[in-house]
Protein chains: 2
Amino acid sequence: MDSMGIMVRKQTAADQALRLDNQICFAVYSTAHAFNRVYKPLLDRLGLTYPQYLVMLALWERDDVAVKDLGERLFLDSGTLTPLLKRLEAAELIKRTRSTEDERVVLIALTAQGHALREKAKAVPQSILAASDCSVGELLAMKDEIVALRDRLNAALGE
Amino acid sequence: MDSMGIMVRKQTAADQALRLDNQICFAVYSTAHAFNRVYKPLLDRLGLTYPQYLVMLALWERDDVAVKDLGERLFLDSGTLTPLLKRLEAAELIKRTRSTEDERVVLIALTAQGHALREKAKAVPQSILAASDCSVGELLAMKDEIVALRDRLNAALGE
DNA sequence: CTCAATTGAATTGTGCGCAATATAAATTAT
DNA sequence: ATAATTTATATTGCGCACAATTCAATTGAG
């Protein structure tokens, strides 16, 4: 109520918290999509989608790894990775082979083409940096903050 | 080459930039998924998915709006929104009606149930805040930085 | 050693996200 | 007024994400 006795909606903290513009989750969600859209034309030239690019980044650092291991590094499960990896295999960028030591494990290794693609990919980060219109230092600082948030969120899940 | 004349791979800036851990895009991507996983059990109680929750947040601020308008606020197109809105209509949270002034336009309005759901949703942000294990001030500061980045990325798209 | 429990991957089903296309309504140009 | 263009939404197809389930291989308890 205001002083005239007319019903006025009180803007509580809970009301404020529900505003779209106040939500960090929406900021993160919409920025992820913005990144995806900036990456799209660059990755089209490599014949990769953005999630496939992430898988290739992980494999360029270390391959001959289990699907499980890849999933832990990328925070993805087999439901996402299995079909994605089959598409990368169809594109002859990776090879999937059952481990002889443990027949449950499928090992992912890069093919020669998969290794070679890394050279073409080297140009990508530079383009992204340009699109972000931001210094490397600023981006790395933000990255650290966001990763810290992600890790706290993931920790909350495990409780 | 090192001093012994043995071939040693030089770690160039381009090599560093391809490291998964150095990529802000992966930080944003994986944090968006982490948020989604934290939201899931909370939103299940409301019968909403996370994108549906975002649509409801937007509508609680202003409804009786065109699909186009909703899309601009959420950075989504009709290919995403049309089926999502049909599901919200099936759940009787919203009503879709053709505008009489412009028959191309579909107006989205909340139903009584749609309005009512807002009360149940008020508890959500508090739970997210707790999971993020972060002060409101820190989160708002990060949010502003991320939104600024998103806006620069989107601006780069328009060029 | 045997059987239950666990583990790693694959499968199924649902819901985004988006490019490309289609369609109908409105606007503009001629 | 008619044709060409633009605009708003819908549809189709593909590729994630992820929950839930299945299945085979491995491990562990008794």
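What you are looking at is a predicted structure, and each value in this text was computed from that prediction instead of being measured.
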- [ ] Select from V106(A) and Q52(B) the residue whose nearest nucleotide in DNA chain C is closer to the 5' end of that strand.
- [x] V106(A)
Open item on the list: Nearest heavy atom decides the nucleotide; on that basis, is A34(A) or D69(A) closer to the 5' end of DNA chain C?
Closed with: D69(A)
- [ ] Take the angle between the ring planes of Y50(B) and Y39(B) and call it parallel below 30°, perpendicular above 60°, tilted in between.
- [x] tilted
Task: Interatomic distance where CG belongs to D44(B) and P belongs to dG15(C) [whole Å] - done: 12 Å
Task: Atom-pair distance (CZ on R87(A); C1' on dA10(C)), nearest Å - done: 14 Å
TODO: Take atom NZ of K86(B) and atom P of dT12(D), then tell me their distance rounded to the nearest Å.
DONE: 9 Å
Open item on the list: Is there a side-chain contact between K40(A) and the phosphate of dG15(D), meaning an N or O under 4.0 Å from OP1 or OP2?
Closed with: no
Open item on the list: Please determine whether a side-chain nitrogen or oxygen atom of T49(B) lies at a distance below 4.0 Å from atom OP1 or OP2 of dC16(C).
Closed with: yes
TODO: Give the rounded distance in Å between these two atoms: CZ of R37(B) and C1' of dC16(D).
DONE: 13 Å
TODO: Check each residue of residues 76-85 of chain A for a non-hydrogen atom within less than 4.0 Å of any atom in DNA chain D, then write out the ones that pass by number, or none.
DONE: L76(A), D77(A), G79(A), T80(A), L84(A)
Open item on the list: It should be established whether R98(B) places a side-chain nitrogen or oxygen under 4.0 Å from OP1 or OP2 of nucleotide dA26(C).
Closed with: no
Open item on the list: With a cut-off of less than 4.0 Å, is there a side-chain N or O of Y29(B) near OP1 or OP2 of dC16(D)?
Closed with: no
Task: Distance in angstrom units between H33(A) NE2 and dC16(D) C1', rounded - done: 11 Å
Open item on the list: With a 6.0 Å cut-off (strictly less than), is the heavy-atom count around CD of Q126(B), excluding the residue itself, greater than 12?
Closed with: no
Task: Integer-rounded Å distance: dG15(C) C1' and N36(B) CG - done: 11 Å
TODO: Output yes when at least one side-chain N/O atom of Y50(B) is less than 4.0 Å from OP1 or OP2 of dC18(D), else no.
DONE: no
Task: Whole-Å gap separating P (dG17(C)) and CG (L54(B)) - done: 8 Å
- [ ] Quick one: pull up OG1 in T31(B) and OH in Y29(A) and give me the separation to the nearest 0.5 Å.
- [x] 15.5 Å
TODO: Just say parallel, tilted or perpendicular for the rings of W60(A) and Y53(A), cut-offs at 30° and 60°.
DONE: perpendicular
Task: More than 12 heavy atoms from other groups under 6.0 Å of NZ on K95(A) - done: no
Open item on the list: To the closest 0.5 Å, what do you measure between CD (E138(B)) and CG (D133(B))?
Closed with: 9.0 Å
- [ ] Answer with base, sugar-phosphate or nothing: what part of the nucleic acid does E72(A) contact at a heavy-atom distance below 4.0 Å?
- [x] nothing
Open item on the list: Does this structure show an ion pair linking E119(B) with K122(B), if we count only N-O contacts that are shorter than 4.0 Å?
Closed with: yes
- [ ] May I have the distance from R104(B) (atom CZ) to dA25(C) (atom P), rounded to whole angstrom?
- [x] 10 Å
Open item on the list: Starting the side chain at C-beta, find the nucleotide from dG15(D), dA25(C), dA9(C) nearest to D102(B).
Closed with: dA25(C)
